[in-house]
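Worksheet: one structure, shown below.
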Amino acid sequence: MSKQHLVIFDTTLRDGEQSPGASMTKEEKIRVARQLEKMRVDVIEAGFAAASPGDFEAIQAIAQVIRESTVCSLARANEADIRRSGEAIKPAASGRIHTFIATSPIHMEKKLRMTPDQVVEQAVKSVGWARQFTDDVEFSAEDAGRSDIDFLCRVFEAVIKAGATTINVPDTVGYAIPFQYAENLRRVIERVPNADKVVWSVHCHNDLGLAVANSLAAVLAGARQVECTINGLGERAGNASLEEIVMAVRTRPDIFPVETRIDTTQIVPASKLISQITGYPVQPNKAVVGANAFAHEAGIHQDGVLKHRETYEIMRAQDVGWAQNKLVLGKHSGRNAFKTRLAELGIELGSDEALNAAFARFKELADRKHEIFDEDLHALASDEVVTPEQEHYKLLYSHVCSETGEMPRATVILSVGGDEREAQAVGGGPVDAVFKAIENIVGSGAELLLYSVNAITTGTDAQGEVTTRLAKNKRIVNGNGADTDIVIASARSYTNALNKLHSSLDKVRAQGDI
């Protein structure tokens, strides 16, 4: 019996970006979109076009460069949002508008202040507006997990008649339990006229840790699209994890009557890219993409794996993109070899100027670090993907003196809008002193929410990757920096976050979120 196709709808760039501090620049979003396309994701939800001019521009830019995946924009069920989404996806080879409205009693009454009849009417209108821009229209019933089944059937019947081609039944607040969620979906599909004319989709949140379980249960109940994110990134406790969904379906063909078109060898590179850009590290024991996912310490496990891998491993590490770190480049490597390896890793710097700057940093790094790994190149590229207009603050010089019994002292020189400024400060540690010196120059008044250090590779000469999370005026951003010197990496991370605060526009939050 042939397998049916399971559509993988990735919403890392939309729902994933709504994680506090996970906002991405347009250039970062394009990098992520290219990696998702390389992984053969069916649908890329590139953003929420009406949220901000920045979101609109990013979706439009992604629509211009992505050719193998469908590019989608989210829109509330109103004409202005939908028109904005239609304009954003216009350049796409394949474009989709994803519109939604809440259907649960509590949302309709307390948030929308609309009657059920008004909600049905608005849902139908929204699909009609979207059809003016594309034949590929997805409709979502926000908070479907707490909605009345009879009302859901009524809404879905109406929007299918209006021309919706994908129907999403989201568990918006992570409230569902797998057997219940699957049964409700099965009942809806059985009762809605023309249910066989559309693709049924699910979008599960992880508030109870059941997003993947609910999604897979729904697949067994008839869902043929799963909405998910890399690393399970997303608001609150996150979304269903793409890598877990894909590998569960692939590993258990005896259970699931579906298959995906995902190139699973691109899963780990995608995971590392998202972690690096957003500053959200992957826990070591995370399924599929965690550092320990294929590690064995117990003697009995090691013995079994050595004798026959499948005694303790249900997947091959290589199948999801894990490979032993290899020395790929050294200080004698040329510019062409460097450029070729970046291309193999899916890293595009966009211009010769950016490539030259990255190559100069590579040479500098190679003089200080004996072995250059792929992870180092990813970190180096992330440092370089910054346009001049985004780099209002640039670290030019840092000197720190730290000795036993004395307070550490730091001197910092920054370029601020092209002007050099210098300041000194003392702190509880060298990093604290550097941050205070930077603040003496900038005076941002931002609150430091998170400071995290992660060794990119092994060894004492490894680059340290630093994530700094800042908050100001209800805006939260992540800054990233990497260097073999942790203090320098910290200073770069802090200025990177300051640049994001300086250049970012506050997004208009949606009335609801699926």
Side-chain angles (χ1 to χ4, degrees), residues 8 10-13 15-22 24 32 35-36 39 41 174 178 203-217 226-252 260 262-298 301 305 309 312-325 373-375 378-379 382 450 452-458 462 464-467 469 478 480:
I8 298 298
D10 183 276
T11 184
T12 304
L13 292 172
D15 205 336
E17 199 204 14
Q18 291 177 194
S19 303
M24 307 176 209
V32 171
Q35 177 59 35
L36 294 175
M39 193 164 57
V41 163
H203 177 119
C204 297
H205 280 264
N206 207 38
D207 298 71
L208 293 176
L210 295 170
V212 170
N214 281 326
S215 299
L216 293 173
V226 173
E227 305 189 3
C228 43
T229 61
I230 303 296
N231 298 339
L233 192 69
E235 276 199 298
R236 305 187 311 278
N239 290 267
S241 163
L242 179 148
E243 57 273 11
E244 293 174 28
I245 297 289
V246 169
M247 293 312 294
V249 167
R250 176 183 166 126
T251 305
R252 296 304 307 271
T260 75
I262 296 294
D263 177 357
T264 60
T265 63
Q266 295 301 318
I267 285 176
V268 168
S271 170
K272 289 181 178 180
L273 178 63
I274 291 298
S275 178
Q276 192 171 66
I277 287 176
T278 64
Y280 274 72
V282 175
Q283 67 196 59
N285 61 332
K286 167 76 168 63
V288 184
V289 294
N292 293 347
F294 295 90
H296 304 276
E297 185 168 340
H301 285 210
V305 169
R309 180 188 60 80
Y312 286 101
E313 286 188 359
I314 60 173
M315 299 172 280
R316 293 197 323 150
Q318 301 94 312
D319 289 344
V320 297
W322 282 112
Q324 186 169 354
N325 287 332
F373 298 106
D374 290 349
E375 290 85 349
H378 275 294
S382 289
L450 172 74
S452 173
V453 181
N454 177 51
I456 293 175
T457 56
T458 58
E465 187 174 50
V466 176
T467 298
R469 187 171 299 157
N478 277 337
N480 299 95

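Because the structure is a prediction, the values reported are computed rather than measured.
Between the side chain of Glu17 and the main chain of Met24, a donor-acceptor pair closer than 3.5 Å is present. Side-chain atoms of Asp10 come within 3.5 Å of backbone atoms of Thr12 as a donor-acceptor pair (strictly under, hydrogens ignored). With Asn480 contributing its side chain and Gln276 its backbone, the two residues share a donor-acceptor pair below 3.5 Å. Within the 3.5 Å criterion, the main-chain N or O of Ala211 finds a donor-acceptor partner in the side chain of Ser215. At distances below 3.5 Å, at least one donor-acceptor pair connects side-chain atoms of Thr251 with backbone N or O atoms of Met247.
Applying the side-chain contact (heavy atoms from CB on, under 4.5 Å) test to Asn478 and every residue at least two apart in sequence or in another chain returns Tyr280, Thr467, Arg469. Judged as a side-chain hydrogen bond (donor to acceptor under 3.5 Å, both in side chains), and not counting sequence neighbours, Thr278 has no contacts. For Asp319, the salt bridge (charged side-chain N to carboxylate O under 4.0 Å, His left out) criterion is met by Arg250, Arg316, not counting sequence neighbours.
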Pair Val453-Glu465, side-chain contact (heavy atoms from CB on, under 4.5 Å): steps then yes or no: CA-CA 6 Å; Val453 181; Glu465 187 174 50; over 6 Å; no
Steps toward side-chain contact (heavy atoms from CB on, under 4.5 Å) verdict (Leu210, Cys204): CA-CA 8 Å; Leu210 295 170; Cys204 297; over 6 Å; no
Test log, rule side-chain contact (heavy atoms from CB on, under 4.5 Å), inputs Met39 and Ile8: CA-CA 11 Å; Met39 193 164 57; Ile8 298 298; over 6 Å; no
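With rounding to the nearest 0.5 angstrom, the CG atom of Asp207 is 4.0 Å from the CZ atom of Arg236. For the atom pair Gln18 CD and Thr229 OG1, the distance stands at 11.5 Å (nearest 0.5 Å). Rounded to the nearest 0.5 Å, atoms CD (Glu244) and CG (Asn231) are 9.5 Å apart. With rounding to the nearest 0.5 Å, the separation of NE2 in His203 from CG in Asp15 is 4.0 Å. For the atom pair Leu242 CG and Glu227 CD, the distance stands at 12.0 Å (nearest 0.5 Å). The CD1 atom of Ile274 sits 6.5 Å away from atom CG of Leu13, with the distance rounded to the nearest 0.5 Å.
No side-chain heavy atom of Lys272 sits less than 4.5 Å from a side-chain heavy atom of Pro269.
Using modelled atom types, one finds a donor on one side chain and an acceptor on the other under 3.5 Å when comparing Lys286 with Ser241.
The two residues Ala248 and Leu216 come nearest to each other via the heavy atoms CB-CD1, 3.7 Å. Here the shortest heavy-atom pairing between Gly16 and Ala22 reads O-CB, 3.9 Å. Residues Glu243 and Gly232 approach most closely at OE2-N, 4.2 Å, considering heavy atoms.
Under the side chain to side chain contact (heavy atoms under 4.5 Å, CB included) test applied with Ile262, the options Val41, Val249, Leu36 reduce to a single match, Val41.
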